[in-house]
K.L.:
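Right, I'll just put the structure down here and ask away after.
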Amino acid sequence: MLIYILRRVGFIILTMFLASIIIFSVTQLLPGDVAQVVLGQFATETAINNLREELGLNLPLHTQYLNWVTDFVRGDWGNSLTSRMPIRPMIMARLYNSAMLAGVALLIYVPIGIILGVIAALKRDKFLDRTISGISMAFVGLPEFVTGLLLITFLAIGMKWLPANSSINPDSTFSEAFKYLILPAITVSLTNIGYIARMTRSGTIDVLRTDYVRAAYLKGLSRWEVLVRHVLRNALLPTVTVVAMGIGWLLGGLIVTEQVFGYPGMGRLLVYAIERRDLPLIQASSMIIVAIFSLSNLGADILYSYLNPRIRFRK
Amino acid sequence: MINKTVQENDIQLDNKTVLSVRNLTVTYDTKAGPLDTVRNISLKINAGEVYGLVGESGSGKSTLARAIVRYLPANGRVSSGTVLLSGTDLMKLPMSEMRRIWGAKITMVHQDPGAAVNPSLPVGEQIAEVARVHLRMSKAEAREKAIEMLTKVRMPDPKSVMKRYAHQLSGGMLQRILIASAMVTNPQLIIMDEPTTALDVTTEAVILDLINELMKEYNTSIIYITHNLGVVARMCDRVGVMYAGELMEEGTIRQVFKSKLHPYTRGLLGCVPRIEASKSDVSLSSIPGFIPRPDQLPAGCIFAPRCSLVEGACMASRPSRVEAETGHFTACRRWEELKQKPELYTDAQQRREGSERIEGPLVLEARNVKKYFSVSGGLSSLWQRGPIEVKAVDDISIRVRGGFTMGIVGESGCGKTTFARCISGLDEATSGEIILEGERLPNTLLKRLPSQLKKIQMVFQNPDASLNPQHTVGDSVTRPLVLLGKLSKKQVQERVRELFKAVNLPEDYIHRLPHELSGGEKQRVAIARAFASDPTIMICDEPIASLDVSVQAALMNLLVKLQESKGTSYLFISHDLAAVRYLSDWIAVVYLGRIWEVGSAEDVFMPPYHPYTEALLSAIPIPDPDVRQERIRLVGSVPSAVNIPPGCRFHTRCPRKLGKICEEQEPTWQHVNEFHSICCHIQLDELRALQGAGSIRQTDNPGEVS
């Protein structure tokens, strides 16, 4: 098992290396000169040249790349071009915010999705199943800006229960931020409940059909015991993987939701960086998002093999 | 002799009766309306009795068992009848009460032990939970109980097995787990649904012995469901023969297997090849047609359309259940005639005499074929130290003569299928030579010429997987003709029609898709396809294993007929020794990638034999209560082909092991006669002395069931 994890970590390093090449090349291909963008249209030739020198833009490409990678690995992610602030604390604050939102969203959508999925599987093809499957799938299809705006209209503007805008101070603590987290978390959850419910439903239906579940019923175990001990343990395996993989997306990919609510997470930081053509910021946050996705995939695989004895005890 | 028509409900209930089923009918609600899949069954099981329910697939035996425990699919229900368990009517109990019956008073042992054990719970837990729920034990007590049960089912090292998971145990061990958990509460009745069907014949024999011993110890009643008549004869006290949802014949094993008072019973028994007879001695009887669907039952006797004794009255009305002898019931009106005719088999028309039976021109020769699979490779090679080799086939040589059948037998995992795939070139032999009609063939299919390819054809085990579901079966047969033959379009069509005729399929089947055919029909198509290129040798890899006995018999007859008319040689691979004995002229016994005994079929089945052959023979379930078999059992399962034991590969399980020599030295070949050789350290004379008259023999004292 340890060997397996080490091997996977090795693969992540390889992934990061490949990603760094891609990110670096893509940022080189972006139209426009960085120094020009930073200094504005009316900057003088010398000012631009000075900045290019300062940023190392006049060096050969491979040297630029090597410098950037070694600095990144050492933890020196450079300064933002627009705000002139160090990038690392900036990303860390945003990551913390994203983690808060992710945590609240997971707490909402995972249990609800699983419960709905199990109910749908138990009542397969009956009215309740069709209702659950139908409604949850409808929300999967709705884009976040639609569900988000609907929620804002009803819960924030209509009922005035919750703030419509979640643009909190990036340094807020969890308790300060909590009430601003609810609406975006619900928005994210609505898209995900259907997905989780669907995975759980099909997993549970497959397991309910197995001989060992029939054997468990015919041992005289109660329905509840059969469900918890024999069915869910196996049926939730694929769901667990999907949830764990979803963490990467929650931390780094909630661009639309964060935008709708003005929430200062990783997604918005990336959008901001791209809008301003803030090259070091784009590069650093992209690398971090790649790392998050790789790690959450690894987490999903480790969790899966831990829960599945067929993999855990492989010779 | 009593001869009266029995009223269905005059089955007496005495205090010995554990289970009494009266007039039970099971109805499924389908789109086409309600279907009675099991009709009007009455039976009674006494304390300590093993009652066999036997019949082909679709006969309703599993449905009956599920109805007894009231565990039917959502659209199934018991529409009439009662089931009394020690006097309690189970049909009237609320489901919450049934839960106290399940696992406590009635337990079940399921068919496929690999699927019936939860893969993600330690197996010990799965035994202990029964004790917790029904015996109200604490976790620790239940654990102790589970260990005790594992010891009872002779599980080696029960304590460590407790913590293991299903995938870490062999099929035989898993079946022990299921038996252990079925016996925790010392139930009144255990329903065993094909408990050994998924196991190897040697493991099956060990599990059957275990069940027998436990039953004697606990005096538990058992309903034993199986399609295997040999297992019934070995295990059961009484047997009910089911057909299309009804009981056709019922009685003690001797009554049913000796008198056989229903043509269906006769048909089933006639389908099973006898261990002492081959294709040149007898033809198998087969039952034409199919089990009728419950919505298309004939008006009269439900077996009439397939019956060889059918007469006008059979079609007119349903025969009543007759008690021919005390406790022996039959649903055939012509039972008295049947009583006069004991024989089942018809003599084969063609007999080969003397040495002509085994000699002929050499067609196929395989010399020192080896196939090693390397487990490493791909990404796993990144962290593995050196490659791991699986020696699936490790030096096998055979010779097949023209127009004859070479049978290859062995347990699963012995390498017999890999060897077949090496001959056909599907797997490239690691080393060795394959010589066909004097011509050395490349080891891989890819390098063989079309003229070489057409000479070797193959019939696979699973016809569902070997026919393309998108192509009509006619297309499947046409392709080899187009690819390997140089025929005009018209000639091809003509040949396809001929081939379908040769395998007894109606011409209009040519345009059907595989899913419109039954398993047996699909296998006929596969055989037709194999014969399309007029092969010199046909490799049959367990071609009948997944089919019902009546279909098996029909296919074996077909193979024999085709061999006679076309002179094709067969390489017949099977774990079913009776089928191999029936079809083969030559037999090779394979264990862990090597041959240990080879000879003419008759010689191999007569002593002296290799201890492994001896064990295989003594494990075969034989559908004849008068046959006595020596009890030679193999311990454990086949060792992994990664770690092949040194010395004689069989020494770890050999019941006749001599000692150090077997562990250290490889045995050499000893020749019994010109054709029969054994690879063993034990001297032939000694083997003869040890094995005496052989491991299977007819007893002189009828009445003794081994």
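Here the structure is a predicted model, which means the values were calculated and not measured. We name chains A, B, ... by the order of the sequence lines, and we start the count at 1 in each one.
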K.L.:
Heavy-atom count check: over 12 atoms from other residues, nucleotides or ligands less than 6.0 Å from A:Tyr217 OH?
P.N.:
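More than 12 heavy atoms, drawn from other residues, nucleotides or ligands, come within 6.0 Å of this atom.
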K.L.:
Would you say CZ of A:Phe139 has more than 12 non-hydrogen atoms from neighbouring residues, nucleotides or ligands within 6.0 angstrom?
P.N.:
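Open: at most 12 neighbouring heavy atoms sit under 6.0 Å from CZ of A:Phe139.
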K.L.:
What are the two closest non-hydrogen atoms of A:Ala215 and B:Ala116, and how far apart are they?
P.N.:
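Nearest heavy atoms, A:Ala215 then B:Ala116: CB-O, 3.9 Å.
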K.L.:
B:Gln126 versus chain A, heavy atoms under 4.5 Å apart: side chain, backbone, both or neither?
P.N.:
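When you check distances to chain A, atoms from both the backbone and side chain of B:Gln126 fall under 4.5 Å.
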K.L.:
Considering only heavy atoms, which portion of B:Arg66 lies under 4.5 Å from any heavy atom of chain A: side chain, backbone, both, or neither?
P.N.:
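The answer is the side chain of B:Arg66.
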K.L.:
Going from CD1 on B:Ile106 to CG on A:Leu218, what distance comes out if it is rounded to the nearest 0.5 angstrom?
P.N.:
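Reported to 0.5 Å precision, the distance equals 9.5 Å.
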K.L.:
If I measure from the heavy atoms of chain A, does B:Arg164 come under 4.5 Å with its side chain, its backbone, both, or neither?
P.N.:
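Looking at B:Arg164, nothing touches chain A.
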K.L.:
B:Val117, B:Asp112, B:Val109: which one forms the most heavy-atom pairs within less than 4.5 Å of chain A?
P.N.:
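Max contact count across the listed options: B:Val117.
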K.L.:
Between B:Leu121, B:Val130, B:Val133, which residue shows the highest count of heavy-atom pairs closer than 4.5 Å to chain A?
P.N.:
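If we count pairs closer than 4.5 Å to chain A, B:Leu121 comes out on top.
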K.L.:
If I compare all heavy atoms of A:Pro309 with all of B:Ser120, which pair ends up nearest, and what's the gap?
P.N.:
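Here A:Pro309 and B:Ser120 meet closest at CG-CA, 3.4 Å.
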K.L.:
Given a strict heavy-atom distance threshold of 4.5 Å, which part of B:Thr185 is in contact with chain A: side chain, backbone, both, or neither?
P.N.:
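It is neither, since no heavy atom gets under 4.5 Å.
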K.L.:
Considering only heavy atoms, give the residues of residues 93-102 of chain B separated from chain A by less than 4.5 Å, sorted numerically, with 'none' for an empty result.
P.N.:
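Within residues 93-102 of chain B, near chain A: B:Arg99, B:Trp102.
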K.L.:
If you count every heavy atom of other residues, nucleotides or ligands that lies below 6.0 Å from A:Arg223 atom CZ, does the total exceed 12?
P.N.:
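Not more than 12 within 6.0 Å, no.
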K.L.:
Can you give me the closest heavy-atom contact between A:Asp211 and B:Ala115, atom names plus distance?
P.N.:
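Of all heavy-atom pairs spanning A:Asp211 and B:Ala115, the closest is CB-O, 3.5 Å.
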K.L.:
What do you reckon, is CZ of A:Arg88 surrounded by more than 12 foreign heavy atoms closer than 6.0 Å?
P.N.:
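At most 12 heavy atoms, drawn from other residues, nucleotides or ligands, come within 6.0 Å of this atom.
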K.L.:
Just verifying a value: how many Å separate B:Asn118 CG and A:Arg233 CZ, rounded to the nearest 0.5 Å?
P.N.:
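The distance works out to 7.5 Å.
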K.L.:
Kindly compute the distance separating CZ (A:Arg214) from NE2 (B:His110), expressed to the nearest 0.5 Å.
P.N.:
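Rounded to the nearest 0.5 Å, the CZ-NE2 separation comes out at 5.5 Å.
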K.L.:
Rounded at 0.5 Å granularity, tell me how far CD in B:Glu129 sits from CD in A:Glu225.
P.N.:
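Rounded to the nearest 0.5 Å, the CD-CD separation comes out at 7.5 Å.
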K.L.:
Between B:Pro122, B:Gly103, B:Ala182, B:Pro119, who has the most heavy-atom pairs with chain A when the cutoff is under 4.5 Å?
P.N.:
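If we count pairs closer than 4.5 Å to chain A, B:Pro119 comes out on top.
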